[in-house]
Every structure is written in C-alpha cells, then in structure tokens.
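Just so it is clear: chains get the letters A, B, ... in the order the sequence lines come, proteins before strands, and each one is counted from 1. Everything quoted here is computed from the prediction, not taken from an experiment.
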Amino acid sequence: MDVDTGNMTQTNLVDKVVVPGDVVLDLTKMENQTIKLGSGLHQDCDYISVMQAGKLRLSKPNKYWVESSQKRYVPRLEDTVLGIVVEHRSDNFLVDIKAPNLAFLPVLAFEGGTRRNIPKFETGTLIYARVVKANGIMNPELSCTDASGKAAEFGQLKNGYMFETSTGLARMLLSSPTCPVLEALGKKISFETAVGLNGRVWVNASSPDDVILVSNAIMRSEFLSGTQQRIMAEKLLERLQKS
Amino acid sequence: MVGMVIERDSVGEEGDDVVTPGEFLGEATEFIAGKGAYVSPNGRSVRACLTGRRKVTAAPPGSHDNRSTIEIVGHKAHGAVPQPGSIVIARVTKVMARNASADIMCVDSKAVKEKFSGIIRQQDVRATEIDKVDMYQSFRPGDIVRALVLSLGDARAYYLSTAKNELGVVSAQSISGGTMVPISWTEMQCPLTGQIEQRKVAKVD
C-alpha cells in the first residue's frame with residue numbers, strides 16, 4: 001500500500017473532513033510522545049489511519065478523534081441513552097437502544113431497587129438510562145442510577161413525544177454552552193427535553209402545540225449555524241404568535 | 001423367514017466373515033443379542049445392527065440362562081468423543097456475561113469427526129475469586145483454549161473448565177490481527193502494535 005505521508009510530525013488534517021483510509025499521523029516521525037486516540041481512529045503498525053468518515057478533532061495536547069454523525073448508535077461507556085423496553089426477563093429488561101444488540105437493564109439497577117420493588121415496565125416504555133458496560137461482543141448493559149447509586153433523572157419518561165435523530169444532532173443538543181435553538185425556544189416556551197446520545201430526543205410541554213413546535217424546531221436545526229438556528233426558531237414562534 | 005445354514009464358530013472366537021446390519025446371526029432360542037446385535041421384532045432371530053465381525057461368547061457358568069452371547073466387533077472406529085476428565089482444545093465462539101461457548105476441536109490430541117459444543121461457565125474460568133470473573137477479560141471469540149471436560153453437561157453442550165494453570169487461552173489474535181504473545185497469566189501482547197489485551201492465559205511448558 002503506497003502511503004503518501006508527507007510531513008507528518010503534526011497532522012494538518014485537524015478540523016477537516018476525513019474519510020476512511022486517510023493517514024493522520026506517522027508514528028515513525030514522532031519521538032517519544034503519548035498520543036490518545038478516540039473514536040474513528042485506528043493504529044495500523046506505524047500509521048494512525050481513519051476508520052470513520054467525519055471531522056478530525058484535536059484536543060491539545062495529544063487527544064485525537066473523529067466526530068461523525070450516523071443514524072445508528074455504537075454503545076459507549078458512560079453514554080446517556082433513551083431506550084425502549086422490548087421484553088421483561090427474570091433478572092433484566094431487554095431494551096432497544098438503536099445498537100446492534102439489545103441492551104440489558106438489570107431489574108435492580110434503580111435507586112433503592114430490591115427484589116420486592118421491581119419496576120413494572122411494559123413493552124414500549126421509554127427509559128432514560130446510562131450505559132455501564134459496552135464492549136463490541138456482548139450485549140451492552142444499562143443502569144438507571146448514576147455512579148453513586150442515586151436516581152438522578154434516570155428512569156421512565158412519561159407523556160411527551162419522542163423522535164429519532166442522528167447521533168450528531170444529539171451531541172449538538174447536549175453541547176455546552178446551550179445549543180442556540182434550545183436557548184431561543186426556551187425564552188418563549190417552557191418545555192423539558194431528554195436527549196439520548198443514541199439519536200433519540202424526548203420533548204414534553206404543557207400543550208401539544210408547544211411539543212410539536214419544539215420538536216419541529218429541533219429537527220430542522222441539524223445543519224444550521226447558531227445564528228440561523230435562532231432566526232429559524234424565532235420565525236416559528238412568531239408564526240404561532242408566541243411572542 | 002430366510003433360513004440360512006450358518007457354520008457355528010467355536011465359542012469365544014471371531015468369525016472371518018463380515019456381517020452387515022440386518023443380517024441373520026442366529027436363533028433367539030440359542031443366542032443372546034450382545035453389543036451390535038438385536039432380537040428381531042418377531043422375537044425369533046438375532047440380527048446384526050452394525051457392520052463388523054461376529055463374535056460368540058459362552059454363557060458364564062452358573063447363570064440360569066446357558067445361551068451364548070453373540071456380538072459384533074471390529075467395527076469402524078469412531079472419531080474421538082469428549083469424556084469427563086479429558087483435556088480438549090476448543091475455539092471460543094461466543095462470549096456472554098456469565099459463560100462462554102466454544103466448539104470442541106480435539107480431544108486428548110485426537111481431532112473430532114463431528115461438532116461438539118462446550119460451555120465455560122463464569123465459575124469455571126479460574127480457581128481464585130470466581131465471582132469477580134469478567135468474561136470479556138478472559139476470552140474473546142476466536143481464541144483457542146485448552147480446557148478440561150467437567151461433565152457431559154446438558155443436551156446442548158459439555159461443561160468445560162479452565163481453572164488450572166495449564167488450562168486457558170493458548171493462542172489468540174489481537175484487534176490488529178497479529179498473533180499475540182503471552183506475558184503473564186492475565187495478559188497477552190500484540191507484536192504489531194504493542195497493545196496489551198487481557199485473557200485467561202494457559203501456562204504452556
């Protein structure tokens with residue numbers, strides 16, 4: 001394989017779109033440095049090459065990763081996801097989180113969970129949970145508590161409306177500072193949302209009109225810049241005379 | 001109802017002629033059906049059910065029934081079959097939270113002729129701290145393991161154990177595709193990238 005690495009002590013592809021096969025770093029040209037590789041990058045003996053199409057990002061001093069957006073979700077440890085209960089087995093719930101395998105949610109993985117107070121989730125229940133075990137081979141495992149065992153907003157989401165998005169939009173909605181579209185909507189409407197990194201968003205508000213407005217605004221905002229998002233949200237609010 | 005004249009072999013010896021399944025061996029009044037033979041449905045004749053040579057054994061003295069036993073010997077040897085206590089080489093097919101399944105390939109250094117399934121349960125992976133075993137850090141799909149057959153198990157699989165120093169992963173490939181080198185009883189290293197992966201490694205002398 002002929003690889004044209006050029007001058008690769010520092011990659012010049014940061015913040016640019018990369019495709020699978022692109023060589024990002026040549027390890028033979030770098031002296032003793034520790035490099036941290038995030039998702040989408042793979043070590044091929046002496047080269048670091050891209051495995052997933054997306055934008056290459058660098059977090060100084062030495063952390064590289066590829067940011068990409070898909071409709072499918074690959075489970076990662078400590079991600080917060082929205083799952084739908086598919087089945088109830090004796091010691092865990094089977095939950096669909098848009099991953100290659102169904103996830104297991106142990107019946108005891110709730111705050112104060114004992115054998116006597118197992119929650120009764122029917123098929124189709126929407127759950128906000130945290131991924132606690134995710135390797136590529138076994139079914140991922142979820143938990144409805146945070147690391148210290150408290151409930152912390154995890155659990156069943158009642159009422160509201162859930163829609164599916166790409167993983168990129170979900171990450172944008174969770175970024176800090178607050179995503180512009182959410183900020184613009186929040187000024188005029190009171191609503192609550194739960195965003196799952198697996199590409200599911202749940203919205204709840206006091207009236208169905210508000211729920212629809214917020215959902216549509218979020219769905220439209222994926223490829224807009226910050227200013228465009230604000231303008232779009234304000235136009236929608238105006239049209240429904242919410243100002 | 002085929003009456004055949006059979007040369008009676010001397011008792012205790014094997015005949016030279018090969019018999020095939022269904023062949024008439026003798027009258028049920030004179031012979032007991034041993035291994036490889038059966039009494040025909042009408043209850044009157046003993047017939048063979050395997051391919052091999054006929055062998056007649058005299059009735060043990062003092063038994064109330066003084067009929068000789070006819071059996072079939074010398075049939076084609078079957079492939080190896082795992083028995084409790086035998087050491088097997090297996091390839092891990094699936095790793096789950098509480099057990100790992102493996103396809104048994106060799107029994108006591110003889111290859112098997114048909115597929116046998118084995119299961120390594122979480123409590124049989126190692127001898128110490130068996131409730132803290134992480135299956136993902138012990139085996140991966142594709143690993144070759146040496147294991148001991150504990151029992152015939154259930155209808156689906158034999159129960160295997162790797163709870164000894166010389167049992168465990170013998171050969172494994174890393175994520176990068178290189179055959180890994182063992183560096184301790186819990187770790188193997190890839191020669192291409194230097195990455196270390198966790199396995200339950202067998203101590204090979």
Side-chain angles (χ1 to χ4, degrees), chain A residues 1 3 20-21 23-28 30-52 64 74-77 87 89-95 99-109 131-143, chain B residues 90-103 117-125 131-145 154 157 162 168-169 171-181 186-201:
Chain A
M1 181 180 86
V3 174
V23 172
V24 161
L25 285 174
D26 184 354
L27 293 175
T28 54
M30 312 174 75
E31 294 97 23
N32 280 341
Q33 288 181 36
T34 312
I35 315 239
K36 292 188 187 168
L37 298 182
S39 65
L41 293 172
H42 174 74
Q43 177 181 2
D44 216 350
C45 300
D46 284 333
Y47 300 108
I48 307 288
S49 50
V50 173
M51 292 280 122
Q52 229 179 24
Y64 293 89
V74 174
R76 282 293 233 24
L77 202 52
E87 212 183 303
R89 294 259 177 91
S90 54
D91 54 345
N92 40 36
F93 296 101
L94 297 188
V95 179
N101 298 330
L102 288 178
F104 291 158
L105 172 58
V107 295
L108 301 175
V131 178
V132 293
K133 205 199 288 194
N135 50 54
I137 296 169
M138 304 193 282
N139 297 62
E141 206 178 287
L142 306 175
S143 167
Chain B
R91 176 186 295 124
V92 176
T93 50
K94 213 178 352 177
V95 176
M96 290 169 294
R98 303 239 198 271
N99 51 43
S101 350
D103 275 347
S117 288
I119 275 199
I120 309 170
R121 292 171 301 178
Q122 181 185 2
Q123 62 264 36
D124 299 324
V125 170
D131 43 350
K132 293 205 184 67
V133 168
D134 187 343
M135 295 305 292
Y136 186 66
Q137 287 177 350
S138 310
F139 306 112
R140 300 278 163 92
D143 289 354
I144 310 289
V145 301
D154 54 25
T162 53
V169 174
S171 162
Q173 281 209 329
S174 74
I175 306 174
S176 322
T179 306
M180 292 200 286
V181 171
T186 49
E187 290 173 339
M188 297 181 104
Q189 189 169 27
C190 169
L192 300 174
T193 54
Q195 281 168 343
I196 294 183
E197 290 181 28
Q198 314 265 51
R199 299 286 201 280
K200 199 278 172 188
V201 186

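Between A:Asp91 and B:Arg98, the shortest heavy-atom distance links the atoms OD2-NH2, 4.4 Å. Nearest heavy-atom pair, B:Val95 versus A:Ile137, reported as atom, atom and distance to 0.1 Å: O-CG2, 3.9 Å.
Within a 6.0 Å sphere centred on CZ of B:Arg91, heavy atoms belonging to other residues, nucleotides or ligands number 12 at most.
Here A:Asn135 is the residue among A:Asn135, A:Leu27, A:Asp46 with the most heavy-atom pairs under 4.5 Å with chain B.
Under the ring-ring contact (aromatic ring centres under 6.0 Å, His included) criterion, A:Phe93 pairs with A:His88, A:Phe121, not counting sequence neighbours.
Pairs passing the salt bridge (Lys or Arg N to Asp or Glu O under 4.0 Å) check and including a residue from residues 191-200 of chain B, sequence neighbours excluded, read B:Arg140-B:Glu197, B:Asp143-B:Arg199, B:Glu197-B:Arg199.
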